Q: 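Have a look at the structure that comes next, please.
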There are 2 protein chains.
Amino acid sequence: MSDDRLSRVFAALADPTRRDIVRRLAVGDAGVGELAAPYDVSLQAVSKHVRVLEEAGLVSRSRDAQRRPCHLEPEVLDLMTKWIERYRQQAEERFSRLDGVLAELDQPEPLGEEGAAS
Amino acid sequence: MSDDRLSRVFAALADPTRRDIVRRLAVGDAGVGELAAPYDVSLQAVSKHVRVLEEAGLVSRSRDAQRRPCHLEPEVLDLMTKWIERYRQQAEERFSRLDGVLAELDQPEPLGEEGAAS
DNA sequence: CTAGTGTTCAACCATGTGGTTGACCAAGGC
DNA sequence: GCCTTGGTCAACCACATGGTTGAACACTAG
């Protein structure tokens with residue numbers, strides 16, 4: 001069930017702090033301490049945020065001495081984009097058709113539909 | 001602060017039921033009753049879900065007799081896509097550069113860098 | 001006016017989430 | 001071995017969220 005995965009990714013990005021972490025990780029990998037520095041919350045809180053991002057598949061982690069560098073995993077972002085774009089395009093396509101219908105109502109003879117509504 | 005808006009949209013789509021509602025609204029508008037039918041939760045629960053989507057700016061509503069048809073608003077989806085793509089591309093670009101560096105380490109003379117390491 | 005249909009409001013409950021603090025584990029530096 | 005550095009685990013708290021039920025509202029049809 002990739003449904004659960006999608007839910008976790010959306011939920012992970014629903015938090016402004018976590019979105020900011022993602023934004024910074026897009027620039028380059030970082031340890032929890034570095035990530036925590038700009039925010040005025042405890043290190044543990046940031047550690048939790050990172051764990052949420054990790055469980056959503058958005059970041060992976062490795063070891064470097066005592067540090068646990070966080071690494072942004074862009075594939076999951078692609079998964080989201082695909083989901084969103086699918087329905088956005090579908091909806092906009094529908095609106096285009098609706099616009100067509102409205103235009104047709106404005107001027108009842110749009111083209112040369114030979115059936116003719118004389 | 002569009003930050004708050006973005007948080008609400010992501011949070012709204014973090015729920016599978018709400019994502020399914022969005023999926024169905026992409027096909028066409030629907031009232032709360034119709035939306036609720038397939039799910040085995042109460043009508044009130046679905047009404048709440050719709051409200052969340054509405055407050056996130058994902059759906060708008062009108063009146064049609066007693067019914068309150070829900071209408072998918074694709075612009076906000078576009079907002080999300082822009083946010084996601086921005087960092088996905090940034091991250092992938094960074095990885096490409098990293099790949100370049102690694103390739104350079106493999107074969108120290110990639111092109112014709114005229115400084116020459118003869 | 002009355003009855004019926006579609007939807008929302010209100011109160012409540014269980015669970016999840018973001019935050020805290022304090023203790024603990026892991027890896028190097030000395 | 002010992003202490004510092006970087007990070008996690010655990011218990012707890014306040015509050016948000018998804019769910020329920022029952023009453024109320026809005027609007028239409030007789």
Side-chain angles (χ1 to χ4, degrees), chain A residues 1 3-25 28-73, chain B residues 1 3-25 28-73:
Chain A
M1 200 73 85
D3 199 41
D4 198 43
R5 183 169 192 76
L6 213 43
S7 292
R8 274 198 294 244
V9 182
F10 277 115
L13 292 182
D15 185 282
T17 303
R18 284 194 294 259
R19 276 201 309 282
D20 197 59
I21 290 176
V22 167
R23 179 184 63 74
R24 293 170 56 204
L25 286 179
D29 295 9
V32 177
E34 302 169 61
L35 287 176
Y39 316 122
D40 63 345
V41 297
S42 67
L43 195 64
Q44 291 94 322
V46 175
S47 182
K48 278 191 185 181
H49 280 307
V50 169
R51 165 164 286 264
V52 172
L53 290 170
E54 191 178 8
E55 283 174 349
L58 279 163
V59 314
S60 59
R61 320 186 62 181
S62 47
R63 259 225 179 268
D64 168 33
Q66 303 98 322
R67 313 184 64 209
R68 311 283 317 275
C70 305
H71 174 84
L72 184 59
E73 216 65 60
Chain B
M1 201 70 87
D3 200 40
D4 198 43
R5 182 169 193 77
L6 214 42
S7 291
R8 273 198 294 243
V9 182
F10 277 115
L13 292 182
D15 185 282
T17 303
R18 284 195 293 261
R19 276 202 308 280
D20 196 58
I21 290 176
V22 167
R23 180 184 64 74
R24 293 168 58 205
L25 286 179
D29 295 8
V32 177
E34 302 169 62
L35 286 176
Y39 316 122
D40 64 345
V41 296
S42 67
L43 194 65
Q44 291 93 323
V46 175
S47 182
K48 279 192 184 180
H49 280 308
V50 169
R51 165 165 287 264
V52 172
L53 291 169
E54 192 177 8
E55 283 175 348
L58 278 163
V59 314
S60 60
R61 321 187 61 182
S62 47
R63 260 228 178 266
D64 168 34
Q66 303 97 322
R67 313 183 63 209
R68 311 284 315 278
C70 305
H71 174 84
L72 185 59
E73 217 65 60

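By convention in this document, chain letters (A, B, ...) are assigned in the order of the sequence lines, proteins followed by strands, and residues within each chain are numbered from 1. All values derive from a computational prediction rather than experimental measurement.
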Q: Looking at B/Ser42, does any N or O in its side chain come under 4.0 Å of the phosphate oxygens OP1/OP2 on D/dG19?
A: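 Checking D/dG19 against B/Ser42, no side-chain N or O comes under 4.0 Å of OP1 or OP2.
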
Q: Check the distance between D/dA16's C1' and B/Glu55's CD and give it to me in whole angstrom.
A: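 Atom-to-atom, B/Glu55 to D/dA16, this comes out as 13 Å.
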
Q: Check the distance between D/dG6's C1' and A/Leu35's CG and give it to me in whole angstrom.
A: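 After rounding, the reported distance stands at 13 Å.
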
Q: Between A/His49 and C/dT17, is there a contact of a side-chain N or O with OP1 or OP2 at under 4.0 Å?
A: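 Result: no.
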
Q: Given D/dC27, is OP1 or OP2 found less than 4.0 Å from the side-chain N or O atoms of B/Arg63?
A: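 For B/Arg63, the contact criterion (side-chain N or O under 4.0 Å from OP1 or OP2 of D/dC27) is met.
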
Q: Between A/Asp64 and A/Asp15, who's closer to the 5' end of DNA chain C by nearest nucleotide?
A: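 The answer here is A/Asp15.
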
Q: Between B/Asp40 (CG) and D/dT20 (C1'), how many Å, whole number?
A: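 Taking CG of B/Asp40 and C1' of D/dT20, I get 13 Å after rounding.
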
Q: Just how far, in rounded Å, is P of C/dA10 from CG of B/Leu43?
A: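 From B/Leu43 CG to C/dA10 P: 17 Å.
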
Q: Rounded to the nearest angstrom, tell me the gap between atom CZ in B/Arg68 and atom C1' in C/dT5.
A: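 Distance, rounded to whole Å: 15 Å.
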
Q: Report yes if a side-chain nitrogen or oxygen of A/Arg51 is closer than 4.0 Å to either non-bridging phosphate oxygen (OP1 or OP2) of D/dC9; otherwise report no.
A: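 Answer yes for this pair, as a side-chain N or O of A/Arg51 is under 4.0 Å from OP1 or OP2.
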
Q: Any side-chain heavy atom of A/Arg68 within less than 4.5 Å of one from A/Arg63?
A: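 Yes, close enough: below the 4.5 Å cut-off.
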
Q: Which nucleotide wins on minimum distance to the side chain of B/Ala45, given the candidates C/dT20, D/dT28, D/dG19?
A: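 Taking heavy atoms from C-beta onward, the closest nucleotide is D/dG19.
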
Q: Kindly point out which of D/dT28, C/dG19, C/dA26 is positioned nearest to the side chain of B/Ala65?
A: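 Looking only at heavy atoms from C-beta outward on B/Ala65, the closest nucleotide is D/dT28.
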
Q: Could you say whether A/Arg61 or A/Lys48 is positioned toward the 5' end of DNA chain D, judged by the nucleotide with the nearest heavy atom to each?
A: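 Result of the comparison: A/Arg61.
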
Q: Without decimals, in angstroms, what is the distance between A/Asp4 CG and C/dG16 P?
A: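 It works out to 13 Å between those atoms.
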
Q: Return no unless some side-chain N or O of A/Ser47 is found under 4.0 Å from OP1 or OP2 of D/dT8.
A: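 Yes, such a contact exists.
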
Q: Output the rounded distance in Å from OH (B/Tyr39) to P (D/dT20).
A: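 Interatomic distance, OH of B/Tyr39 to P of D/dT20: 14 Å.
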
Q: Reading DNA chain C from 5' onward, which residue's closest nucleotide shows up sooner: A/Gln66 or A/Val41?
A: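 Nearest nucleotide further toward 5': that of A/Val41.
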
Q: Yes or no on side chain to side chain contact (heavy atoms under 4.5 Å, CB included) for A/Leu13 and A/Val22, after CA distance, side-chain angles and deciding distance?
A: CA-CA 9 Å; A/Leu13 292 182; A/Val22 167; 3.8 Å; yes

Q: Can you tell me how far P of C/dT7 sits from CG of B/Asp29, to the nearest Å?
A: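 Distance check: B/Asp29 CG to C/dT7 P gives 13 Å.
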
Q: At less than 3.5 Å, do the side-chain atoms of B/Gln44 and the base atoms of D/dG22 form a donor-acceptor pair?
A: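 By the distance-only test, yes, there is a pair.
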
Q: Is any side-chain heavy atom of B/Arg61 closer than 4.5 Å to a side-chain heavy atom of B/Val50?
A: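 SC-SC contact between B/Arg61 and B/Val50 confirmed.
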
Q: From the options C/dG19, D/dT8, C/dT7, select the nucleotide whose nearest atom is closest to the side chain of A/Thr17.
A: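 The answer is C/dG19, which lies nearest to the side chain.
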
Q: Can you find a heavy atom in the side chain of A/Thr17 that is under 4.5 Å from one in the side chain of A/Val41?
A: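 The answer is no; the side chains never approach within 4.5 Å.
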
Q: Measuring only between side-chain heavy atoms, which start at C-beta, is B/Val52 closer than 4.5 Å to B/Lys48?
A: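 In short, these two side chains do not touch, never coming nearer than 4.5 Å.
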
Q: Do B/Val59 and B/Leu25 have side chains that get closer than 4.5 Å, going by heavy atoms?
A: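 Yes, side chains in contact.
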
Q: Can you figure out which of D/dG19, C/dT8, D/dG7 approaches the side chain of B/Val32 most closely?
A: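 That would be C/dT8.
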
